[in-house]
Amino acid sequence: MQPVDKYEQDRRAKMAKLAELGIDPFGQRFPDRQYIGQVRALWKDEYGEEGPAVRVAGRVMARRDMGRVTFFDIQDWTGRIQLFVGKKQVGEQGWAIAKLVDLGDFLGCDGRLGKTKTGELTVFATALHFLTKSLRTPPAKWHGLRDVELRYRQRYLDLIYNPESLRTALRRTRIVTKIREFLAERGFVEVETPTLHTIAGGAAARPFITHHNALDIDLYLRIALELHLKRLLVGGIERVYELGRVFRNEGISTKHNPEFTMLEVYQAYADYTDMMELTESLICALLDMLAEDGLPLERSARGGWLLRFGDLQLDMTRPWPRRPYADLFREHVGVNVDDVAALKRKAREIDFDPEGKHPDVIVNELFEELVEPKLTGPVFVVDYPASLCPLTRRKRTNPRWAERFELFLAGMEIANAYSELNDPLLQEELFRKQLEGLPEEESMARMDEDFVLALKTGMPPAGGLGIGIDRLVMVLLNQPSIRDVILFPLLRPRRLQYDVSTVGQVAEERSEQRAERHGGS
RNA sequence: GGGGGUGUAGCUCAGCUGGUAGAGCAUCGCACUUUUAAUGCGAGGGUCCAGGGUUCGACUCCCUGCGCCCCCA
């Protein structure tokens, strides 16, 4: 049971008084109310004292008592507006309600739109409707809710009292909506594939394990969407995507949440160059939408959008640079990818033990360590070492490399795309071949016989793309932590408050002990 | 896993070299029909994250643990 503190007791008392007045403290439907944002837009200076009649509702964010008048500021998800509530204007019942209103309660109000002496747009109330009691004290009105832990654990408080948090949350949903619209316009269909997998394939990550009782088998929460969507390509669904949650049982950081949202798109008769065009077009469409939505974006000298992320500035003007993996490697590591002796030397410099490891495992480590952080971007890193890409088509001109790109923004991997491997015999071989020195959870090579069977049926040549939606939103909305773009990030569970029954006791014992000690000295 | 920071009233934060915890907002009471971080006067409110130690005495010093944040692996 939650403790009832003195503040809650005050509010419960007011709740009871409302009930005595015949008012339900938890309200009822309030039809035909107008959004505050729309009401604010109604105002014209010609109205003078007599504006239109309006009906608004929202949460009480501030109250200012002036004797027989009270000003309330109420807030809905479109904005805030001031109410002028005069004793004479709202009558005995209305005034009785006004007296019992606390910060955080929900009020409905009928009135006329007008301006006060000081020019503040105001609803001059003719009737007040009590809609819901809040039993908790709100945070400080000026400083808001700063404590990050509270903001994450009780996100609803964050959304109410930090307007930028609500704005970010709503912008994220608009981004997701826009992605669906964009893909629909290009003829893609959205599907849903299983979350519970018998083989955790399609990416290199450690899975969450769960158990199905009736079948008595262990199952994995999916770590990627890839293998089911490709089965659908085999089945003739030629342009397909899924936007869904994937789960990786790994560390938590400003860039990692154990569950996150992934978009995967597959297009038959295309390859990774088509996916590059798709990625660029999609992200630029999102930027256009956000700019229209009021996100403060500047134009770069080259005509595209200029995106700020922390101290970084990303010039999003198309086309974005395409840089071969091997070139970037040579540039930032100072070593050729095929110079094994030099690779080992470099590996030791960054405290990575290269012994017994496949040269490309070393290359991968050096790339992640020394190259990726430098990739402010936007930049498409193209053509990855084939040995690291068991699901990707090899380059026809040189099988040393795979037709894969990753998009980097602000040093973060945002997108990953392939020309999809559709050769079932090579696929089967690659599933079997575990690279030396690569721990299993870091390998994508996990035998999936059913998937190989699907490929044997024939999968059309195709391009595939994965985008990490949370990270993309971080970059687009300039949010430094993934927890700021996920409404309920994973935190270690914690008891909210202590057991009430012991509180008074402990406090009493404490002060007695204290008195004894000091008294005795 | 390692390092750094942090945890004090509902919220935002002070609290020095150890001596029974402070402010602002919020709450409660009074006044006020054009305020807007309203104002004026008055009042109440604390497991100082938890457990142990040192001490006559610990929010403060020491040890252990826990939550959260940041950096590194």
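All values below were derived from every heavy atom in this structure, side-chain atoms included, with hydrogens, water molecules and symmetry-related copies excluded. These numbers come from a predicted model, not from an experiment. Below, read A as the first sequence line, B as the second, and so on, with proteins coming before strands; counting in each chain starts at 1.
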Nearest-angstrom distance, P atom, B:A58 to B:G18: 13 Å
Gap in Å between the two P atoms, one belonging to B:A38 and one to B:U27, rounded: 11 Å
Base paired to B:C28 (Watson-Crick or G-U; both N/O distances under 3.5 angstrom): B:G42
B:G67 OP1/OP2 closer than 4.0 Å to side-chain N/O of A:Arg492: yes
Exercise: do A:Gln154 and A:Arg136 side chains pair donor with acceptor under 3.5 Å: yes
First of A:Gln82 and A:Leu145 reached from the 5' end of RNA chain B, by closest nucleotide: A:Leu145
Sugar-phosphate only, base, or nothing, as touched by A:Lys115 at under 4.0 Å among non-hydrogen atoms: nothing
Between protein and nucleotides 22-25 of chain B, what N or O pairs are separated by less than 3.5 Å?
unit_1 : atom_1 : unit_2   : atom_2 : d
B:C25  : O3'    : A:Lys141 : NZ     : 3.4

Test item: A:Thr126 side-chain N/O and A:Asp110 main-chain N/O as donor-acceptor pair under 3.5 Å: yes
Under 3.5 Å side-chain donor-acceptor pair for A:Gln82 and A:Arg64: yes
Distance-only polar pair, side chains of A:Glu406 and A:Tyr384, donor-acceptor under 3.5 Å: yes
Separation of atom CG in A:Asp10 from atom P in B:G29, rounded to whole Å: 8 Å
Ion pair A:Glu365/A:Lys357, N-O distance below 4.0 Å: no
Nearest-angstrom distance, C1' atom, B:G29 to B:G44: 10 Å
Pairwise C1' distance, B:C30 and B:A23 [rounded to whole Å]: 23 Å
Watson-Crick or G-U wobble mate for B:C56, both contacts under 3.5 Å: B:G19
Residues A:Asn416 and A:Arg404: side-chain donor-acceptor under 3.5 angstrom: yes
5′-ward residue of the pair A:Val148/A:Glu369 relative to RNA chain B: A:Val148
Span that lies between the P atom of B:U35 and that of B:C49, in whole angstrom: 43 Å
Pairwise P distance, B:C61 and B:U6 [rounded to whole Å]: 11 Å
Whole-Å C1' distance, B:U39 and B:G24: 16 Å
Polar pair under 3.5 Å, donor/acceptor by atom type, side chain A:Thr137, base B:U27: no
Phosphate contact (B:U39 OP1 or OP2) by A:Arg64 side-chain N/O below 4.0 Å: no
Between B:G7 and B:A14 - P atom distance, rounded Å: 8 Å
N-O pairing of A:Arg33 and A:Asp76 below 4.0 Å: yes
